[in-house]
Amino acid sequence: VDGDIVASGDVQMASLNGGQLAGFRNVLINADVSVQERSRGSNAEYLIDRWFTSNSTPDDWDSDFATFPGQEFGRYIRVGNDTGNRDVLKQPIELPAEWVGGKAGLFTEGSTWTFSFYWDSSTNAPAGPQFGFADDSGNANAVSQDLDELTEVTGDTTTNGWQRVSTTFTIDIEPNDDNKCAYIQWAGNGTSATGFQLEPGSKSTPFEHRPTATELAMCQRYYQVVRGGIRNDYGTGSPAAFGGPLNFFQISRVTPTIGWDTISSADSTNLDVGNVSERGCMMIATGIATAGGTNAQEWTADFMIDAEL
């Protein structure tokens, strides 16, 4: 059927899984930029969970995020600082069997996809959409194709007038042998946007709002912040090591790198982590000996668990 189908009653069918309206059609994570586990980066870093921004002119880099003014979304992203130098915003998308590399997964050559988002038309227009495969978010060993420019989706605006734009493309590239992710990107110059969607098919369907808890859990596969603490009530004697487990909220994509911001510590030194895996690690510290009596030795910190592409 090429035209529209209008039904006054219920429509029953065996399955929608092979079509554009199947559940979880949007392959982007944190597409409404609502999850903010990360602090805002600078220069070439993740601006907010799962969204990486970069610019070859770091002094002009000033992308940021803020509260969305309408009802449909919680936040929006501003890409670039309106000085004439475009920033690139991208999301890397994990491919299957990344320990092998080079598997296209859903993004097979010849498949058709539509990329769309909402844009504040009072800001500079988005430009330069691109799809590709790479080893990581920095586009190492990348193969890419430039897409047609984004055009307005007729009649699709938010309550406060943000305009939806989209571009449809057919994939004409294959990943290199070591590529671990696909990516979608575009460039902005003080451009505000939200509600990103990358979906199979030739049309932009209504934005897929997913539960906040689901979106957060998906983000935490790549980055999460976990508060942990250890304590040792230690009497007079020589310094001794003490520790305790730190369990992650979600299993990380790979063995992560871990940084931390100490909240508090007392009579402890050599603060560190060890036995790091995708599931957790051990907090480690050395207690400082006391002159007498019992002394509470403790360490509490926010741990940044980073397993991004």
Side-chain angles (χ1 to χ4, degrees), residues 24 26-31 33-54 88-108 131-144 173-185 196 198 210 212-228 230 243-261 271-284 301-309:
F24 266 72
N26 189 2
V27 299
L28 300 178
I29 299 175
N30 201 20
V33 298
S34 62
V35 178
Q36 188 190 337
E37 287 277 276
R38 290 179 174 273
S39 299
R40 184 170 95 80
S42 61
N43 206 349
E45 294 182 12
Y46 280 89
L47 172 65
I48 199 169
D49 289 62
R50 303 295 296 123
W51 290 102
F52 184 90
T53 187
S54 59
V88 172
L89 184 75
K90 75 178 73 169
Q91 182 165 137
I93 304 161
E94 185 177 357
L95 295 176
E98 62 174 285
W99 58 90
V100 178
K103 292 185 178 293
L106 296 172
F107 303 104
T108 55
F131 172 83
F133 299 100
D135 292 358
D136 53 32
S137 57
N139 280 16
N141 193 30
V143 55
S144 65
I173 54 176
E174 293 182 336
N176 288 322
D177 288 343
D178 295 326
N179 288 166
K180 296 176 175 60
C181 63
Y183 69 86
I184 192 77
Q185 70 177 42
F196 301 94
L198 178 61
R210 296 188 286 242
T212 300
T214 301
E215 212 69 54
L216 174 61
M218 291 192 294
C219 287
Q220 287 175 332
R221 172 173 171 80
Y222 303 92
Y223 187 92
Q224 55 189 298
V225 179
V226 180
R227 178 163 293 189
I230 49 177
L246 180 72
N247 298 314
F248 302 160
F249 296 134
Q250 298 290 336
I251 297 174
S252 294
R253 180 184 65 88
V254 294
T255 300
T257 58
I258 301 179
W260 57 83
D261 289 331
L271 309 178
D272 205 352
V273 296
N275 299 324
V276 180
S277 76
E278 294 91 341
R279 290 171 169 79
C281 65
M282 180 70 73
M283 297 177 63
I284 303 168
D302 284 337
F303 291 87
M304 285 72 77
I305 318 300
D306 194 340
E308 262 295 0
L309 287 157

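Remember, it's a predicted structure, so these values are computed and weren't measured experimentally.
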Task: Pro256 side chain near Phe248 side chain, heavy-atom distance below 4.5 Å - done: yes
Open item on the list: What's the separation between atom SG in Cys181 and atom CG in Asp135, rounded to the nearest 0.5 Å?
Closed with: 7.5 Å
TODO: Kindly give the heavy-atom pair with the smallest separation between Cys281 and Ile258, and that separation in Å.
DONE: SG-CD1, 3.8 Å
Open item on the list: As an exercise, state the distance from CE of Met282 to CG of Asp272, rounded to the nearest 0.5 Å.
Closed with: 12.5 Å
Task: Donor-acceptor pair, side chain of Gln224 and main chain of Gln250, under 3.5 angstrom - done: yes
TODO: Starting from the C-alpha separation in whole Å, work towards a yes-or-no answer on side-chain contact (heavy atoms from CB on, under 4.5 Å) for Asp49 and Gln220.
DONE: CA-CA 9 Å; Asp49 289 62; Gln220 287 175 332; over 6 Å; no
Open item on the list: Tell me the closest heavy-atom pair linking Gly102 and Pro175, and the distance in Å.
Closed with: O-CG, 3.4 Å
Open item on the list: Do Phe196 and Asn26 make a side-chain contact, defined as non-hydrogen atoms from C-beta onward lying under 4.5 Å apart?
Closed with: no
- [ ] Looking only at non-hydrogen atoms, find the nearest pair between Tyr183 and Ser144 and report the distance.
- [x] OH-CB, 3.2 Å
TODO: Flag the pair Tyr222 / Glu94 as yes when at least one side-chain heavy-atom distance between them is below 4.5 Å, and no otherwise.
DONE: yes
- [ ] Heavy atoms only: give me the nearest Val254-Glu278 pair and the separation to one decimal.
- [x] C-CG, 3.4 Å
- [ ] To the nearest 0.5 angstrom, please state how far the OG atom of Ser34 sits from the CD1 atom of Ile48.
- [x] 8.0 Å
Open item on the list: One pair to check against side-chain contact (heavy atoms from CB on, under 4.5 Å): Phe133 and Glu174. What are the steps and the verdict?
Closed with: CA-CA 8 Å; Phe133 299 100; Glu174 293 182 336; 5.6 Å; no
TODO: Please tell me if the side chains of Ile29 and Arg221 come closer than 4.5 Å, counting only heavy atoms from C-beta onward.
DONE: no
TODO: For the pair Arg38 and Asp306, evaluate side-chain contact (heavy atoms from CB on, under 4.5 Å) and give the outcome as yes or no after the intermediate values.
DONE: CA-CA 10 Å; Arg38 290 179 174 273; Asp306 194 340; 3.6 Å; yes
Open item on the list: Using 0.5 Å steps for rounding, measure from the CG atom of Leu309 to the CZ atom of Arg253.
Closed with: 4.0 Å
Open item on the list: A side-chain contact here means heavy atoms from C-beta on lying under 4.5 Å apart; do Val226 and Trp260 qualify?
Closed with: no
- [ ] To the nearest 0.5 angstrom, please state how far the CD atom of Glu45 sits from the CD atom of Glu308.
- [x] 12.0 Å
Task: SB check Lys103 Glu98 (cutoff 4.0 Å) - done: no
Open item on the list: For Phe131 and Phe107: C-alpha separation, side-chain torsions, deciding distance, then whether side-chain contact (heavy atoms from CB on, under 4.5 Å) applies.
Closed with: CA-CA 10 Å; Phe131 172 83; Phe107 303 104; 3.9 Å; yes
Task: Heavy-atom pair of closest approach, residues Ile305 and Ser252 - done: CG2-OG, 3.7 Å
TODO: State, yes or no, whether a side-chain contact exists between Gln91 and Ser137 at a heavy-atom distance under 4.5 Å.
DONE: no
Task: Qualifying residues under salt bridge (Lys or Arg N to Asp or Glu O under 4.0 Å), relative to Arg279, sequence neighbours excluded - done: none
Open item on the list: With rounding to the nearest 0.5 angstrom, report the CG to CG distance, Asn176 to Asn141.
Closed with: 4.5 Å
Open item on the list: With heavy-atom distances below 4.5 Å as the criterion, would you say the side chains of Asn30 and Met218 are in contact?
Closed with: no
Open item on the list: In the structure I gave you, are the side-chain heavy atoms of Leu28 and Ile93 within less than 4.5 Å of one another anywhere?
Closed with: yes
TODO: Specify the closest pair of heavy atoms between Leu95 and Ala104, including all atoms of both residues, with the distance to one decimal.
DONE: CD2-O, 3.6 Å
